[in-house]
Amino acid sequence: MASVLTELSDGVLEITLNRPERLNAFTSEMHEGLRAAMDRAETEDAVRAVLFTGAGRGFCAGQDLGERDPKKMIEEGTWPPDAGAGLKANYNPLILRLKALPKPVITAVNGVAAGAGANFALAGDIVFAAKSVKFIQAFVKIGLVPDAGGTFFLPRYIGEARARALAMTGDPLSAEQAADWGLIWKCVEDDALMEEARGMARRLACGATHAIGLMKGALQASATNDLAKKLDLEAETKRKAGADGDYAEGVVSFIEKRAPKFGG
Ligand code: LHQ
């Protein structure tokens, strides 16, 4: 069975991490599967939203540590590995592609999200988590530092004090606390997770997808732009969205008192 499953339905590309026996820990093969899935998300017009989730009881336990067994690698003479190289080859492009995708990315965190698995989850545009989920910045427990965007997302989403403590302790954060702190969009009952996340993905997939893509980029730029640059970018994105058929349809449907039919 493939370690990444994809299914396109109602404009939503659902991408499932599928190594349940290892809590969907990332392997090289899984990264290949994710690259192929992202190719689809980027190139197929029929894909108007992406939904990530995990098979089984976990969402993703981060890097598969079995792929980097120090004892084995010492025997083979390949220790220490260049841990940064793995990031540059696999994780960094994945996170950048998710953030650059001009389509909404929903994450349905169904179970524990640890290490790179936690920060991959947080790279989604709208993150739902089941009540039983724990987010764990597990890196410090194996002598490593956060990756997959954690040092960018955490201080911005929840502030530096909380980011520092989570990263330095590796203590688990409950889904409820994550939602209270604004780290994720919503914590939902375990058995309601997929219905809620799929509902949101479908809703966005039949929305004004072009405008959603533009606002995604503009909101991200707020992390680095000053007010003048932001105002310029708002004018630029407004110009692009305003030239789109969805703008005309949105206004006409309002005047005609009916639901809009956006083409994306
Ligand atoms: C696993 C894993 C796993 C393999 C559970 N690998 N098998 C990037 C590039 C370069 C270098 C390295 O790092 C990175 C980025 C990173 O992500 S570093 C962080 C890597 N992840 C971790 O350190 C987390 C390790 N896992 C855990 O701490 C626990 O498994 C958690 C807290 C996630 C879940 O605990 P439990 O619910 O108690 O489950 P479990 O520990 O019993 O795991 C179930 C099975 O999954 C078990 O196998 P087994 O054969 O005993 O049933 C685990 O060995 C396996 N597994 N995580 N990352």
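One-based numbering, in listed order, for ligands and for the atoms of each.
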Residue pair L144, Q63: steps toward the side-chain contact (heavy atoms from CB on, under 4.5 Å) verdict: CA-CA 12 Å; L144 286 179; Q63 170 64 40; over 6 Å; no

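- Partners of A223 according to the side-chain contact (heavy atoms from CB on, under 4.5 Å) rule, which considers only residues two or more places apart in sequence or in another chain, are F152, R156.
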Which protein N or O atoms sit under 3.5 Å from any N or O of ligand 1? Give atom names and distances.
{"from": "ligand 1", "atom 1": "6 (N)", "to": "L65", "atom 2": "N", "distance (Å)": "2.9"}
{"from": "ligand 1", "atom 1": "17 (O)", "to": "Q63", "atom 2": "N", "distance (Å)": "2.8"}
{"from": "ligand 1", "atom 1": "17 (O)", "to": "A116", "atom 2": "N", "distance (Å)": "2.9"}
{"from": "ligand 1", "atom 1": "21 (N)", "to": "A61", "atom 2": "O", "distance (Å)": "2.9"}
{"from": "ligand 1", "atom 1": "37 (O)", "to": "R57", "atom 2": "NH1", "distance (Å)": "2.9"}
{"from": "ligand 1", "atom 1": "37 (O)", "to": "R57", "atom 2": "NH2", "distance (Å)": "3.4"}
{"from": "ligand 1", "atom 1": "39 (O)", "to": "R57", "atom 2": "NH2", "distance (Å)": "3.0"}
{"from": "ligand 1", "atom 1": "48 (O)", "to": "R22", "atom 2": "NH1", "distance (Å)": "3.0"}
{"from": "ligand 1", "atom 1": "50 (O)", "to": "R22", "atom 2": "NH1", "distance (Å)": "3.1"}
{"from": "ligand 1", "atom 1": "58 (N)", "to": "A61", "atom 2": "O", "distance (Å)": "3.1"}
{"from": "ligand 1", "atom 1": "58 (N)", "to": "Q63", "atom 2": "O", "distance (Å)": "2.9"}

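- Ring to ring, Y91 and H31 are close: their centroids are under 6.0 angstrom apart.
- Under 3.5 Å, the side chains of T27 and D64 contain no donor-acceptor pair of N or O atoms.
- Shown here are the side-chain contact (heavy atoms from CB on, under 4.5 Å) partners of V133, two or more places apart in sequence or in another chain: V109, A129, A130, F135, A175.
- Sequence neighbours left out, the pairs with a member in residues 153-175 that pass ring-ring contact (aromatic ring centres under 6.0 Å, His included) are F153-Y157.
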